[in-house]
Protein chains: 2
Amino acid sequence: MANTTASKLNEIPRGAVGRGGVLDVAARLFREQGYGSVSLRKIAAAAGIKAGSIYYHFGSKDEIVAAVLDAGIQVVHESMRQAVSALPEGAGAEAILRAAIRAHLRALLDVSDYSSANVRIFGQVPQSVRDANLHTRRAYEAEWDNLLSRLQADGELKREVDIRRLRLMLIGALNATLEWFDPHRGSAEALSRTYADVFLNGILERQET
Amino acid sequence: MANTTASKLNEIPRGAVGRGGVLDVAARLFREQGYGSVSLRKIAAAAGIKAGSIYYHFGSKDEIVAAVLDAGIQVVHESMRQAVSALPEGAGAEAILRAAIRAHLRALLDVSDYSSANVRIFGQVPQSVRDANLHTRRAYEAEWDNLLSRLQADGELKREVDIRRLRLMLIGALNATLEWFDPHRGSAEALSRTYADVFLNGILERQET
DNA sequence: CCAATTGCCTAACAGCTGTTAGTTAGGCAA
DNA sequence: TTGCCTAACTAACAGCTGTTAGGCAATTGG
């Protein structure tokens, strides 16, 4: 037919999907539906290509999910590091912790499908994929441990808190927001303030004894 | 052969698996491996029966997972309610909150595969199953909201904290421990004390201004 | 302008999934 | 003894899964 040429015009240009496009779509689907119920055919369909074509860009499903997991951590890590290092020289513990909490939460809730997908599906992927993500993960954890240790050494954090445990508490609590956060009910910005308030000062009304 | 009678003796008694047995096994597997990668054949094998036999006790896979989810909430709910009501009459906010936190955490980490399975897989099951669990879930949430509201009305909690948000923070933070808690590194008991300490009083070293 | 490379497509594979139907054997009541 | 109920079994189904092989058109480099 004559329209073969014409129809090309409103088609997606040839190389527009590509490895990056597949990865973006995969991250979004993983975040929305979890690991187990997202098949390669779903990813392909959402990206506008066919399932087999994915194997031109990736060697396996594990390779896709591994790439999503790594990118997810890197986004939060970078966001948190920048937020902290952008602070003025003599910033106190309170300002530093508020900035770090805010950066982590905003990366999760506002910015990136990759970071939220990481939190959501990490516990669902095959062991081998989890293991491959551990290096990236530990780097981010070390960033927090360094920060917290420094503040504790300066006497700004209570001495009796174990740093590792505190980091697990903090990141765990922040990540848990993904399960219920609704942008219609309040901003990630405001939420990060509440989290900082509670973690820094607690929820008990203080008696002036 | 003559041993047909003898061999019966070291076989599992006929009705020993049953509906309850299947449910126990399912809860354990869901907690360990997540929803998507636990098939009916895996559940059946772990329970010592064949896949088809499950349909004598349950109408579908969804029915199994729904039963696990409901039981999971009920265990934590009951545990928390008892712990709080066992307190002496005039117990203060601090004692009440410590008891509630401790009960929730111990139900998750020490006691029940059902409660931990609930937390782990709730975000992975089909929408319809989630919806069916909502009633049970809301009852537990209301228990917390009542408790927190009462304490706030008595002036023991800071006025500016939103109750719903505080409850989401608290339960979210407690549930997140499932992802990293290791009984070899410390008890749920000790962990619950740390959580109470942080939530009640915060982590900042208090300056005597 | 030709050749090579890129990015996709089609068709098929073996294996696993939830589910159904029909069968069988033990225990209990009449 | 007869007959029902319970709790399992076997075998099969349609559909989906990750993955592979081979083909084909468009773009790009020489």
Side-chain angles (χ1 to χ4, degrees), chain A residues 1 3-26 29-30 33-68 121 124-129, chain B residues 1 3-26 29-30 33-68 121 124-129:
Chain A
M1 301 190 181
N3 73 343
T4 28
T5 331
S7 70
K8 278 182 210 159
L9 291 176
N10 40 356
E11 274 171 9
I12 298 159
R14 238 178 65 84
V17 184
R19 189 184 154 104
V22 172
L23 223 49
D24 285 350
V25 163
L29 293 183
F30 283 142
Q33 314 182 23
Y35 172 75
S37 45
V38 172
S39 65
L40 290 181
R41 283 169 178 81
K42 275 191 190 173
I43 297 176
I49 63 177
K50 296 301 160 69
S53 311
I54 290 187
Y55 283 81
Y56 177 76
H57 300 288
F58 300 92
S60 67
K61 189 187 183 188
D62 282 1
E63 199 177 311
I64 300 181
V65 74
V68 169
I121 70 176
Q124 312 173 25
V125 303
Q127 187 73 41
S128 59
V129 177
Chain B
M1 301 193 182
N3 74 342
T4 29
T5 331
S7 72
K8 278 181 211 160
L9 292 176
N10 39 357
E11 274 171 9
I12 297 161
R14 239 178 65 83
V17 184
R19 188 183 154 103
V22 172
L23 223 47
D24 284 351
V25 162
L29 292 182
F30 283 143
Q33 312 182 23
Y35 172 75
S37 46
V38 172
S39 65
L40 290 182
R41 282 168 179 82
K42 274 190 190 173
I43 297 176
I49 62 177
K50 295 301 159 68
S53 311
I54 290 187
Y55 282 83
Y56 178 77
H57 301 288
F58 301 93
S60 67
K61 189 187 182 186
D62 282 1
E63 199 178 309
I64 300 181
V65 73
V68 170
I121 71 177
Q124 311 173 26
V125 303
Q127 187 73 41
S128 59
V129 178

Quiz item: About how many Å separate OG of A:S53 and CG of A:L40, when rounded to the nearest 0.5 Å?
Solution: 11.5 Å
Quiz prompt | Distance, nearest 0.5 Å, that separates CD1 of B:I121 from CD of B:Q33 | solution = 11.5 Å
Practice problem: Check whether any side-chain heavy atom of B:I64 sits under 4.5 Å from a side-chain heavy atom of B:I54, and report yes or no. | Solution: yes
Practice problem: Quick one: the dot-bracket string of DNA chain C, using Watson-Crick and G-U wobble pairs with both distances under 3.5 Å, [ ] for crossing pairs and | for bases paired to another strand. | Solution: ||||||||||||||||||||||||||||||
Quiz prompt | Phosphate OP1/OP2 of C:dC9 contacted by A:S53 side-chain N/O (<4.0 Å) | solution = yes
Quiz prompt | Rounded distance (nearest 0.5 Å) linking atom CD1 of B:I43 with atom CG of B:D24 | solution = 12.0 Å
Practice problem: Kindly say whether A:H57 contributes a backbone atom to a donor-acceptor pair with the side chain of A:R19 at under 3.5 angstrom? | Solution: yes
Quiz item: Can you find a pair of side-chain heavy atoms, one from B:K61 and one from B:Y35, that are under 4.5 Å apart?
Solution: yes
Quiz item: Between C:dG18 atom C1' and B:L40 atom CG, what is the distance in whole Å?
Solution: 6 Å
Quiz item: For the pair made of NZ in A:K50 and C1' in D:dA21, what is the distance, rounded to whole Å?
Solution: 18 Å
Practice problem: Kindly say if A:S39 contacts the phosphate of D:dT17, meaning a side-chain N or O under 4.0 Å from OP1 or OP2. | Solution: yes
Self-check item: Whole-Å gap separating C1' (C:dT17) and NZ (B:K42)
Solution: 12 Å
Quiz item: Could you give the CD1-to-P distance, from A:I43 to D:dG18, as a whole number of Å?
Solution: 8 Å
Quiz item: For DNA chain D, which residues in residues 54-68 of chain B have a heavy atom at a distance below 4.0 Å?
Solution: B:Y56, B:H57
Quiz item: Is there side-chain contact between A:I49 and A:V22, with at least one heavy-atom pair below 4.5 Å?
Solution: yes
Practice problem: Write down the distance between CZ (A:R41) and P (C:dA12), rounded to a whole number of angstrom. | Solution: 14 Å
Quiz item: So, for A:A46 and A:V25, which heavy atoms are closest and what is the spacing to 0.1 Å?
Solution: CB-CG1, 3.5 Å
